[in-house]
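So you know, we letter chains A, B, ... as the sequences are listed, proteins then strands, and number each from 1. Below, each value reflects all heavy atoms present in this structure, side chains not excepted, and no hydrogens, waters or symmetry copies.
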There are 2 protein chains.
Amino acid sequence: MADMGGETITVLIVDDHAVVRQGVRAFLETQPGLSVLADVGSGAEALRLAAELVPDVVLMDLVMPEMDGVEATRRLKQVSPRSQVIVLTSYHQDEHIFPAIRAGALSYLLKDVDSSELAGAVRKAARGEAVLHPRVAARVVQELHGARQSAAFNPFTELSERELEVLRLIADGASNSEIAERLVISEKTVKSHVSNILSKLHVLDRTQAAVFAWREGVMRRDS
Amino acid sequence: MADMGGETITVLIVDDHAVVRQGVRAFLETQPGLSVLADVGSGAEALRLAAELVPDVVLMDLVMPEMDGVEATRRLKQVSPRSQVIVLTSYHQDEHIFPAIRAGALSYLLKDVDSSELAGAVRKAARGEAVLHPRVAARVVQELHGARQSAAFNPFTELSERELEVLRLIADGASNSEIAERLVISEKTVKSHVSNILSKLHVLDRTQAAVFAWREGVMRRDS
DNA sequence: GGTGACATCGGTCTGTGGGCGGATGGCGGA
DNA sequence: TCCGCCATCCGCCCACAGACCGATGTCACC
């Protein structure tokens with residue numbers, strides 16, 4: 001919270017490869033104003049330490065055995081909400097980017113960033129500013145593009161009228177067969193719509209889609 | 001809305017058995033102040049007519065071919081919210097009662113009610129007052145019993161602490177295996193909890209449970 | 001000491017959900 | 001005109017969800 005000016009920014013490094021941890025750590029320690037509290041090799045350790053040390057910034061790898069970075073990020077934001085998470089990974093596919101952001105990551109860097117950028121991202125993160133790797137930024141913008149007014153931070157992509165209709169029914173607890181009955185279409189078609197909705201919203205199943213609809217205000221308590 | 005004093009109460013009868021329809025109709029027509037607009041044999045017809053005629057009260061059978069009464073009630077309340085639905089059926093099992101009430105039925109009568117009670121229930125319904133058959137009322141009270149403060153019209157039964165914990169995770173979009181991981185218990189145990197939650201909330205699957213949690217305010221948009 | 005609610009775990013089974021790979025026709029913009 | 005989005009439909013397939021059966025230990029309450 002109070003990292004204005006001269007105060008030290010504390011960092012926690014999470015990566016299952018020791019080489020990466022040590023490399024990043026060695027570099028960050030040369031940076032004035034940055035202090036690496038610890039580097040750990042698993043999400044579980046990260047959670048434990050984050051709860052204890054409450055680092056300003058967490059550098060998080062995504063692909064790790066046992067608990068992946070997305071899950072670790074989600075839970076970390078629960079136990080230590082004020083820690084800012086920077087994803088540092090080599091993947092720039094949608095299936096990594098969007099879940100990570102939705103899990104609460106602030107910034108998303110690819111491992112080919114040069115050192116000064118990394119240090120800059122850490123300092124920015126401590127101030128709550130996000131940094132997206134250009135390639136990632138491109139994807140995010142592309143997703144945002146085509147969305148209508150997008151109050152604040154809406155769905156990432158626009159749903160068609162029909163899809164919205166299906167989403168509302170999902171968010172009302174309807175099964176595929178019920179939706180088919182109500183819309184007077186085949187269940188296969190419903191499944192197609194549902195699949196499209198899931199991928200557009202970047203969620204994994206209908207329950208998450210329903211939650212999304214409620215959280216995002218598509219649904220209201222009085223319907 | 002404006003059925004004070006002398007105005008006529010309009011009624012729609014929905015039942016797949018012609019005999020029942022005619023019997024009920026014949027009786028209601030002897031009642032002063034009541035006017036039967038129509039009697040229909042299917043949910044689909046009921047929806048069409050209700051949208052057109054906007055009856056004050058709809059007498060709804062539950063068990064019907066094609067669209068059952070619960071589904072018909074749900075959709076009827078969408079197309080004609082001011083119509084009050086009285087369920088008139090011969091079943092008093094939970095699996096009929098609770099879905100019907102949740103679908104928007106106001107009153108729930110068993111077919112052994114005597115005529116004067118039926119007429120009374122119709123008049124009460126027109127004023128927005130509910131009537132539950134004694135046997136049904138007993139079940140509902142029994143369900144409500146043990147519930148804590150139950151602001152307004154809460155869950156029908158109290159969930160245990162652990163179940164609430166699981167419900168929150170469901171309402172966050174978590175799968176059984178994720179829940180198991182997070183709570184550090186086996187997936188079998190999670191399934192047990194989920195099953196108990198579903199039956200206590202009288203819903204059919206996890207998505208409906210999630211919707212319930214959001215609708216009922218267990219979940220908030222900022223978690 | 002019994003009784004019941006709760007949390008934990010197990011097995012088996014079935015239906016549904018959802019992915020993947022197609023196909024069609026309509027319709028509007030380049 | 002051709003292309004791409006949308007809505008509709010089809011089949012195959014497998015993992016998950018949830019029902020139903022069971023069990024254990026703990027704990028509070030009477």
*Asks:* With a cut-off of less than 4.0 Å, is there a side-chain N or O of B/S175 near OP1 or OP2 of D/dC16?
*Replies:* no
*Asks:* Please determine whether a side-chain nitrogen of the Lys or Arg among A/K111 and A/D61 lies less than 4.0 Å from a carboxylate oxygen of the Asp or Glu.
*Replies:*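 Judged by the 4.0 Å cut-off on N to carboxylate O distance, A/K111 and A/D61 do form a salt bridge.
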*Asks:* Assuming nearest nucleotide by heavy-atom distance, tell me which of B/V203 and A/R162 is located more 5' along DNA chain D.
*Replies:*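 Looking at the nearest nucleotide for each, A/R162 comes out on the 5' side.
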*Asks:* Is a donor on one side and an acceptor on the other found under 3.5 Å between the side chain of B/Q208 and the backbone of A/G173?
*Replies:* yes
*Asks:* Using the C1' atoms of five pairs at each end, what's the angle between the two axes of the helix from C/dG1-D/dC30 to C/dA30-D/dT1, to 10 degrees?
*Replies:*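 About 50° separates the two local helix axes.
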*Asks:* First and last nucleotide of DNA chain C in contact with chain A, 5' to 3', at under 4.0 Å to a heavy atom: what are they?
*Replies:*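 The contacted stretch runs from C/dG17 to C/dG19.
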*Asks:* Nearest-Å distance, CG (A/L159) to P (D/dA7)?
*Replies:*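 So the CG-P distance, A/L159 to D/dA7, works out to 10 Å.
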*Asks:* Without decimals, in angstroms, what is the distance between B/N196 CG and D/dA17 P?
*Replies:* 16 Å
*Asks:* Is A/D172 salt-bridged to B/R215, cutoff N-O under 4.0 Å?
*Replies:*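 Here A/D172 pairs with B/R215 in a salt bridge, since their nearest N and O are under 4.0 Å apart.
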*Asks:* Does B/R21 come within less than 4.0 Å of B/D15, counting only side-chain N to carboxylate O?
*Replies:* no
*Asks:* Give the residues of residues 180-191 of chain B touching DNA chain D, defined as any heavy atom closer than 4.0 Å, sorted by residue number.
*Replies:*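 Correct list: B/E187, B/K191.
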*Asks:* For a quick check, with a 4.0 angstrom heavy-atom cut-off, what is the B/S/- contact string for nucleotides 25-30 of chain D, read 5' to 3'?
*Replies:* ------
*Asks:* Taking only residues two or more places apart in sequence, or in another chain, which ones meet B/L198 in a side-chain contact (heavy atoms from CB on, under 4.5 Å)?
*Replies:* B/V194, B/V203, B/A209
*Asks:* For A/S83, give me all partners under side chain to side chain donor-acceptor pair (under 3.5 Å), at least two apart in sequence or on another chain.
*Replies:*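 A/S80.
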*Asks:* Side-chain N or O of B/N176 less than 4.0 angstrom from OP1 or OP2 on D/dC16?
*Replies:* no
*Asks:* Output all residues satisfying side chain to side chain donor-acceptor pair (under 3.5 Å) with B/E187, sequence neighbours left out; order by chain, then residue number.
*Replies:*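 Not a single residue meets the side chain to side chain donor-acceptor pair (under 3.5 Å) criterion with B/E187.
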*Asks:* B/R182: what forms a side chain to side chain donor-acceptor pair (under 3.5 Å) with it, not counting sequence neighbours?
*Replies:*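 Side chain to side chain donor-acceptor pair (under 3.5 Å) check on B/R182 returns A/E71.
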*Asks:* Taking A/D56 for its side chain and A/T10 for its backbone only, find out whether a donor-acceptor pair lies under 3.5 Å.
*Replies:* yes
*Asks:* Round to a whole Å and report the spacing from CD1 of B/I170 to P of D/dG18.
*Replies:* 7 Å
*Asks:* With B/E117, which residues qualify under side-chain contact (heavy atoms from CB on, under 4.5 Å), at least two apart?
*Replies:* B/V113, B/D114
*Asks:* Could you pull out all residues at least two apart from A/T73 that satisfy side chain to side chain donor-acceptor pair (under 3.5 Å)?
*Replies:*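 Listed in chain order: nothing, the list is empty.
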*Asks:* Which residues satisfy the side-chain contact (heavy atoms from CB on, under 4.5 Å) test with A/L183, sequence neighbours excluded?
*Replies:*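 Expected list: A/R162, A/E165, A/V166, A/L169, A/I179, A/I185.
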*Asks:* Under 4.0 Å, heavy atoms only, any strand: does B/S192 hit a base, just the sugar-phosphate, or nothing?
*Replies:*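 Base: the residue B/S192, judged by heavy atoms under 4.0 Å, touches a nucleobase.
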*Asks:* Under the side-chain contact (heavy atoms from CB on, under 4.5 Å) test, which residues partner B/S192, sequence neighbours left out?
*Replies:*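 None.
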